[in-house]
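Heavy atoms only: backbone and side chains are in, while hydrogens, waters and symmetry mates are out. Just so we're on the same page: letters track the sequence lines, and every chain starts at 1.
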Amino acid sequence: MLNKKTATNVDTTKEAKNTPDKHQPWKELGLKLEEYDEIKTILGRRPTSAELAMYSVMWSEHCSYKSSKIYLRQFGEKVTPEMTKNLMVGMGENAGVVDIGEGWAVTFKVESHNHPSYIEPFQGAATGVGGIVRDILTMGARPIAVMDQLRFGAPENPDTRRVVDGVVAGISFYGNCLGLPNIGGETVFDKVYQGNPLVNALSVGALRHEDLKLAKASNPGDLVILFGARTGADGIGGVSVLASETFDSTGPTKRPAVQVGDPFAEKVLIECCLELYKAQVVAGIQDLGGAGLSCATSELASNGQAGMRVQLQNVLLRDDSLTPEEILMSESQERMMAIVPKKDKAAFEAIVNKWEVEYSILGEVIKEPRLYINWGDEEIVNVPPRTVAHDGPVYDRPVAEPKYQKALNKNTTKNLEKAETPEELATQLIQIVTSPNQASKNYITDQYDHYVGGNTALAMPDDAGMVRVDETSSLGIAIATDANGRYGQLDPYAGAQLALAEAYRNVATSGAVPAAVTNCLNFGSPENPEVMWQFKQATAGLADGCLELGIPVTGGNVSFYNQTGDVAIHPTPVVGVLGVIDDVARRIPSGWQDAGHNIYLLGTTEEELDGSVWSEVIHDHLGGLPPKVKLQEELKLAQALQAASVQGLLASAHDLSEGGLAQALVESTTRFNVGARVFLDELEEKNKISKTAVLFSETTARVLVTVGREDDVKFVGLCEQRGIPITRIGVTDTEPTLEIQNIASWPLATLKAASEATLPELFA
Amino acid sequence: MKIGVVTFPGTLDDRDAQRAVRLAGGTPVPLWHADTNLHDVDAVVLPGGFSYGDYLRCGAIAAQAPVMQTIIEKANQGLPVLGICNGFQVLVESHLLPGGLIRNENQHFICRDQTLRVENTSTAWTNQFQLNEEIVIPLKNGEGGYIADAETLKRLEGENLITFRYVDVNPNGSMNDIAGLRNAKGNVVGLMPHPEHAVEAGFGPDMPEAMRSGVDGLKFFTSVIHSLVNA
Amino acid sequence: MPKIIVEVMPKADLLDPQGKAVANSLNRKGHTEITAVRIGKRIELHYDETPTEAQLEEAKAFAADFLSNGVIEDVVAVTVEA
Amino acid sequence: MPKIIVEVMPKADLLDPQGKAVANSLNRKGHTEITAVRIGKRIELHYDETPTEAQLEEAKAFAADFLSNGVIEDVVAVTVEA
Ligand SMILES: Nc1ncnc2c1ncn2[C@@H]1O[C@H](COP(=O)(O)OP(=O)(O)O)[C@@H](O)[C@H]1O
Ligand SMILES: [Mg+2]
């Protein structure tokens, strides 16, 4: 199987010493001159083309976090010992690991696959799911669920359909085929994402404490084994420049920039890895994602404070024409690298053979902290692995508040026309609940399997997804993710905190106790000081918010350069909150199932319409300041919901967010076709706000709950005791109608049909 | 009662099917695709998933697996076999049941709570249902459109082999609203919807009484245990 | 590279929802002279050496009973490309 | 019936998971001389009358930008069958 290329056209370390002045395409590979010079200083010579390939990809923004690192640190610094006491693995590994009790731990993370999903939506989104699932698997966990956070361009733009179709089909194809229930996500349309959709994917996995695995190679003599799919020419469009430099006449000309996913291969890989873990034959493991072998070899060695000797010709190829540089950078999917003690080699082989997974031994771990890679007899890489994997460049880029910011914040909704008559209010309510961002997402979520595994306790359209982790005890977890780019644009600091607050509230609403945070920070170009300012504000907001709520950030991902032409997307920090629930049977549904229950609104409603859905849908307006962040109130509210859930007082709970009370009422009634009679005059008077605000304000720290008659006194007492503002606004009803007194009354079938028609009309 | 649950590479609902067997009072026995030995099981479930990635045609590669050669032989002798979703596709590709399953009419994967009518209760897997009982069972597939030529359809109708039909909504464009079939003997049954996802309150389909409370799928598994006990 | 090419089409009298969807879409784009679309498979089998007559016969056999499902599909061609 | 036949294959450089699965299965059955399998599409466009030269050109155009996805697939042939 050895590659047919002869070693003579390979750029070796020897050659590099002999030809110090050879021109190298560092610029085409995305390096800065200072970075190229730095590599030469580290090595004491010019890099070989293989080394140049490795450094260029590992020092890219995507892999090195060079622009974000100095800000991400605060997630590890703004913490209390109380916050981190359940963290088994914190930031810096493939994914954080949280102890959830009873010997169980969970690991979760959200990651972006934005740019590939624009070029080739189906494969881009599919491989995005595949990549995040491998990160979770790498920690020793069985992946147990996925979620997807999607942002597309304007719904009426013809290209949006191409992207929506492909992305949703890709997620559905890959996730369903892996057997992971999809338990939630987000779908937002906004023209700022037209040429740059956001496709973020989250995965969560569960493991027993003793099964925890780390990505490190520390014991000299252990074998370095690559297994899974063969290596092909996927996702290395960019390295072609190297190939053409090195092999101008014989080399391949154009390599594909996209990767193709094989979920079947990944499913087999998951089962195979879990069996390897159980047999305790791997000392360390790393998935191959971005930067492929360059990343896996250098990170494993660097994390283990050791080195590695690798024979690159041992890599099993799909295509013999790949050059060493291409092999090092290939992003072929469904591959893993294991560090296996020699004594366990036979056991390892028996398991991978059982699953018919191909593998090859690339080399072994050495004590000297150096990464040596040979191509046949020729040495083509000889580097300190830390300099590739961890000690890359770090930038403190210039920041500047956007020039438009002050004017944007001044342009509030105060002077926008507000509806007065019942007819106008009713019309606006329908316009809002049937707008693409507020309408039912069934068209998308019906393409996702949420049943597989038999452990899904809550999924779409509930506020949070919830899965049972342990069948015996019913211990489970809940996850919600949120981000509002419009809020982020108005105030990135508050925007990040609002995303956190909403995800936190969603988890609390399900009955779970919020425990940890992950994030995917989607921003424009870091080379633009205004974008960098947004990033600085958002990360500070998130870190401060987590400290105030007392839950740690366990990991995340940064995606920069999201822009259409020169125009950056709105800052879109996707925040995921993980909660723990001791018994999933206690979960709180968001829909109404019984008539005759009292409906209460918890929290205070203020006149907060800036950045709201109302301002967008009715007035096509974005300006002012987003709703106030009220983290102390969120905390109290979460604790009250928790207490009420434990006492079994709540028939339902649904958080209020985009679209305000009107949206929540429509969702809660149409879910199970249980009607309601609602009276809002008291709210209007008590909070001294307009009718528009009563219906559509997006004030935070609010939840809509229903309570059976028998629990009423107890529940109201519980809220009053804890100082939670509570207003009775109606009662659920057998009549399948939503009646909002003095405004309008709608048959639920009409509301449901209208809400469910929007996306199919656009995309089916 | 030992009920085998086959795992092919790419099978997804094998653990769910095992749980369903357990909740019905049986003992699940895992069977591996590469094995020809059925370990003396009394019945076999071919669970859902994407065996071999569902590449080429759903169930086509799995139908060639060693374990299937034994199952085909034993099924022809009367061993109760239930094919769920991908398992149904494997049964069709193995010619234990007629016809074929093609891409859903709307071209999308569909996951929904589906109402079915049980039109035949004289099978190993449906004897605990009432004739024409309507049940709610989750459906989730990309290629669930049942097709057969006119003659086959006529025979299926005439010989009363159509065991489940979609009610209210035909989600995938199946001919004659066919959701599931049996063979002439009634030991082999296949259907697209997933009874193993409707066996445990809290994790099943939504029902009028309460969210996720549907357990109609349990009767598939109690049926087979009943038929084995009374065999 | 020597190949055998197997072409498989859905049976003429059976539904082909994918073909129908493509036909509708082409009609909407103004290609109204297209009366129907059928979508089948083109399967390339690669060999190191030009396949022998015997290998072609073998391929015809597994094309009929594995690469296609005779209940719903027809093999329309099996050809060698040297 | 007059037809235009469009043949589309996955790009040679890219993974074809479907072809791989079928190749493995054929190899397991003893057809070890088959080194690889690639699976593409064979799309038949039906016409009432033999398609004109202009219609063939049209078909070539939408074969490239609608019937295939140029990022991951190649159109390998567009032919008229009268
Ligand atoms: N926004 C963020 N917040 C916290 N941690 C982050 C963030 N972005 C990245 N990280 C952490 O940096 C490490 C490297 O991230 P990444 O390159 O995405 O991981 P991987 O190599 O597994 O793809 C991970 O531990 C990740 O959790
Ligand atoms: Mg990783």
Side-chain angles (χ1 to χ4, degrees), chain B residues 51-65 68-69 72 86 88-110 141-156 170-178 181 183 190, chain C residues 3-29 31 34-47 51 55-81:
Chain B
S51 57
Y52 300 92
D54 268 359
Y55 296 131
L56 191 60
R57 292 181 311 281
C58 304
I61 303 179
Q64 312 278 330
M68 278 314 296
Q69 310 324 307
I72 292 169
N86 195 223
F88 183 24
Q89 293 161 338
V90 174
L91 290 176
V92 164
E93 283 286 343
S94 307
H95 306 297
L96 284 170
L97 292 173
L101 290 149
I102 58 168
R103 190 129 196 88
N104 294 341
E105 197 172 23
N106 73 358
Q107 305 294 308
H108 293 304
F109 188 96
I110 298 170
N141 63 65
E143 313 208 3
Y146 183 79
I147 58 170
D149 57 37
E151 203 177 311
T152 307
L153 275 181
K154 212 163 120 196
R155 185 170 64 82
L156 291 175
N170 176 343
N172 44 27
S174 279
M175 292 177 130
N176 296 24
D177 297 333
I178 292 172
L181 300 174
N183 65 353
Chain C
K3 296 171 189 160
I4 290 179
I5 295 169
V6 177
E7 292 170 83
V8 175
M9 294 302 290
K11 274 194 192 301
D13 48 356
L14 287 178
L15 282 179
D16 173 17
Q18 201 184 351
K20 204 172 89 188
V22 171
N24 288 343
S25 174
L26 286 171
N27 290 167
R28 269 198 307 271
K29 285 176 204 254
H31 303 287
I34 296 173
T35 56
V37 174
R38 313 279 299 168
I39 302 190
K41 294 196 186 87
R42 182 179 188 279
I43 304 169
E44 283 187 8
L45 311 170
H46 294 192
Y47 293 78
Q55 285 173 338
L56 178 62
E57 287 311 308
E58 261 177 38
K60 284 185 180 166
F62 66 69
D65 73 8
F66 172 58
L67 297 181
S68 70
N69 174 354
V71 179
I72 55 175
E73 295 170 322
D74 293 319
V75 178
V76 298
V78 181
T79 44
V80 175
E81 200 179 287

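- Only the side chain of B:I102 has a heavy atom closer than 4.5 Å to any heavy atom of chain C.
- Contact of B:A150 with chain C is not made at all, since no heavy-atom distance falls under 4.5 Å.
- Heavy-atom minimum distance, B:R103 versus C:P17: O-CG, 3.4 Å.
- Closest non-hydrogen pair, B:H95 versus C:V71, comes out as CE1-CG2, 4.0 Å.
- Heavy atoms closer than 4.5 Å to chain B are found nowhere in C:D13, neither backbone nor side chain.
- A donor-acceptor contact shorter than 3.5 Å is absent between the side chain of C:K20 and the backbone of B:E105.
- Interface remark: C:L15 contributes backbone and side-chain atoms alike to the contact with chain B (heavy atom separation under 4.5 Å).
- When each of B:E93, B:Q64, B:R57, B:M175 is checked for heavy-atom pairs under 4.5 Å with chain C, B:R57 comes out on top.
- Both the backbone and the side chain of C:L67 come within less than 4.5 Å of a heavy atom of chain B.
- With sequence neighbours left out, the ring-ring contact (aromatic ring centres under 6.0 Å, His included) criterion links C:F66 to no other residue.
- The minimum heavy-atom distance between B:L56 and C:I43, with the atom names listed, is CD1-CD1, 4.2 Å.
- Remark: C:I72 CD1 to B:T152 OG1 distance equals 12.0 Å, nearest 0.5 Å.
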